[in-house]
**Student:** 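Below is the structure I would like to discuss, written out as structure tokens.
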Amino acid sequence: PAKLTLIAFFATVDDAGGRRLAAASSRWAVVDLAARRAVRLPDFVRALAVGDRGSSLPFSPAAEIDPRTPRLGEWAVAVGRSDLDVVGHANNTRYLEWALDALPLGFEDGRDIVGLDLTFRREARYGDRLTSRALLLEEDVVAHELRPLGGDELCALVVSRWGATTDRTGGVGGGEE
């Protein structure tokens with residue numbers, strides 16, 4: 001059988017002082033949409049591949065979430081036409097929006113997102129119905145599960161970390177004068 005090669009991309013953004021502001025990694029494969037199977041990458045594409053650099057940030061989602069974890073909220077999602085990318089899957093940004101929609105109103109008051117980790121497990125397509133659940137792992141760490149309505153299979157897991165809101169001058173608070 002042909003060897004399947006993944007392409008890995010890695011990018012970081014640091015401030016002038018060298019503090020890591022953002023990091024991202026992504027792995028890609030070529031898929032035959034008709035057969036719904038991965039196919040061998042052409043040689044010229046495999047030559048572009050970057051080696052595995054591990055986790056982009058020292059932060060990763062919980063492998064298993066204890067079923068007794070406190071639930072903050074739940075949100076029903078129907079995947080619509082405007083949610084789709086060019087290959088007919090829900091766009092990656094929609095998963096994040098749906099995850100955050102499960103938080104109770106006001107949860108973000110006095111807080112900013114200081115870290116995100118998204119793990120995609122399966123595609124969501126037009127007409128799929130999903131449930132987004134927000135679960136409190138720690139005081140300022142929330143796990144967001146996206147699953148098919150009534151199903152156990154995980155579509156995506158988002159872990160968000162929250163910190164005190166900072167104003168534009170760098171002070172802590174709501175930025176009010």
Side-chain angles (χ1 to χ4, degrees), residues 1-13 20-57 59-65 72-105 107-108 112-135 141-162:
K3 179 182 174 190
L4 175 65
T5 303
L6 300 175
I7 297 179
F9 295 96
F10 186 81
T12 61
V13 177
R20 175 76 24 99
L21 299 176
S25 62
S26 179
R27 292 191 180 119
W28 296 79
V30 176
V31 176
D32 178 334
L33 294 177
R36 297 183 57 81
R37 295 179 49 157
V39 296
R40 181 178 171 85
L41 296 173
D43 290 337
F44 77 92
V45 175
R46 286 194 333 230
L48 301 172
V50 177
D52 183 25
R53 298 193 184 204
S55 180
S56 56
L57 294 172
F59 172 67
S60 62
E64 296 252 344
I65 297 173
L72 292 172
E74 191 168 291
W75 190 257
V77 175
V79 181
R81 188 179 322 272
S82 64
D83 298 319
L84 304 179
D85 61 18
V86 296
V87 293
H89 305 139
N91 184 292
N92 293 348
T93 60
R94 295 296 197 212
Y95 289 90
L96 180 56
E97 292 171 11
W98 297 331
L100 296 174
D101 281 342
L103 290 170
L105 287 176
F107 177 84
E108 70 283 357
D112 285 330
I113 294 176
V114 297
L116 284 171
D117 196 332
L118 287 75
T119 303
F120 299 99
R121 295 288 180 212
R122 89 179 251 300
E123 64 195 28
R125 297 183 154 282
Y126 179 75
D128 285 353
R129 297 199 177 280
L130 309 175
T131 300
S132 174
R133 287 187 187 91
L135 306 152
V141 180
V142 179
H144 310 261
E145 297 178 326
L146 289 156
R147 298 180 186 273
L149 186 64
D152 289 331
E153 187 180 5
L154 190 64
C155 292
L157 176 65
V158 179
V159 177
S160 59
R161 288 191 183 260
W162 299 78

**Student:** By salt bridge (charged side-chain N to carboxylate O under 4.0 Å, His left out), which residues pair with Asp83, not counting sequence neighbours?
**Tutor:**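 For Asp83, the residues satisfying salt bridge (charged side-chain N to carboxylate O under 4.0 Å, His left out) (neighbours in sequence not counted) are Arg94.
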**Student:** Start with the C-alpha gap between Arg121 and Cys155, add the side-chain angles, then the distance that decides, and say whether side-chain contact (heavy atoms from CB on, under 4.5 Å) holds.
**Tutor:** CA-CA 5 Å; Arg121 295 288 180 212; Cys155 292; 5.9 Å; no
**Student:** Could you tabulate the donor-acceptor pairs under 3.5 Å formed by side-chain atoms of residues 142-149, not counting sequence neighbours?
**Tutor:**
unit_1	atom_1	unit_2	atom_2	d
His144	ND1	Ala99	O	3.1
His144	NE2	Ser160	OG	2.7
Glu145	OE2	Arg147	NH2	3.2
Arg147	NH1	Asp152	O	2.1

**Student:** Checking Asn91 now: which residues fulfil side chain to side chain donor-acceptor pair (under 3.5 Å) with it, not counting sequence neighbours?
**Tutor:**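 Side chain to side chain donor-acceptor pair (under 3.5 Å) check on Asn91 returns Thr93.
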**Student:** Which atoms form the tightest heavy-atom contact between Glu74 and Thr131, and what is the distance?
**Tutor:** CG-CG2, 3.4 Å
**Student:** Once ring-ring contact (aromatic ring centres under 6.0 Å, His included) is applied, do any residues pair with Trp75, and if so which ones, sequence neighbours excluded?
**Tutor:**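 Here no residue qualifies.
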**Student:** Looking at side-chain heavy atoms only, is the closest gap between Val77 and Asp128 below 4.5 Å?
**Tutor:** no
**Student:** Please name the pair of heavy atoms, one in Val79 and one in Ala90, separated by the smallest distance, quoted to 0.1 Å.
**Tutor:** CG1-CB, 4.3 Å
**Student:** Are there over 12 heavy-atom neighbours, none belonging to Arg129, within less than 6.0 Å of that residue's CZ?
**Tutor:**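 No, the 6.0 Å shell around CZ holds no more than 12 heavy atoms from other groups.
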**Student:** At their closest point, which heavy atom of Leu118 faces which heavy atom of Leu116, and how far apart are they?
**Tutor:** CD1-CB, 4.1 Å
**Student:** Does any N or O in the side chain of Tyr95 come within less than 3.5 Å of the main-chain N or O of Ala124, such that one atom is a donor and the other an acceptor?
**Tutor:**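 Checking the backbone N and O of Ala124 against the side chain of Tyr95, a donor-acceptor pair under 3.5 Å is found.
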**Student:** I'd like to check the ring-ring contact (aromatic ring centres under 6.0 Å, His included) partners of Tyr126; sequence neighbours left out, ordered by chain and number.
**Tutor:**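 None.
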**Student:** Test of understanding: with side chain to side chain contact (heavy atoms under 4.5 Å, CB included), list the residues that count as partners of Glu108, not counting sequence neighbours.
**Tutor:** Trp162
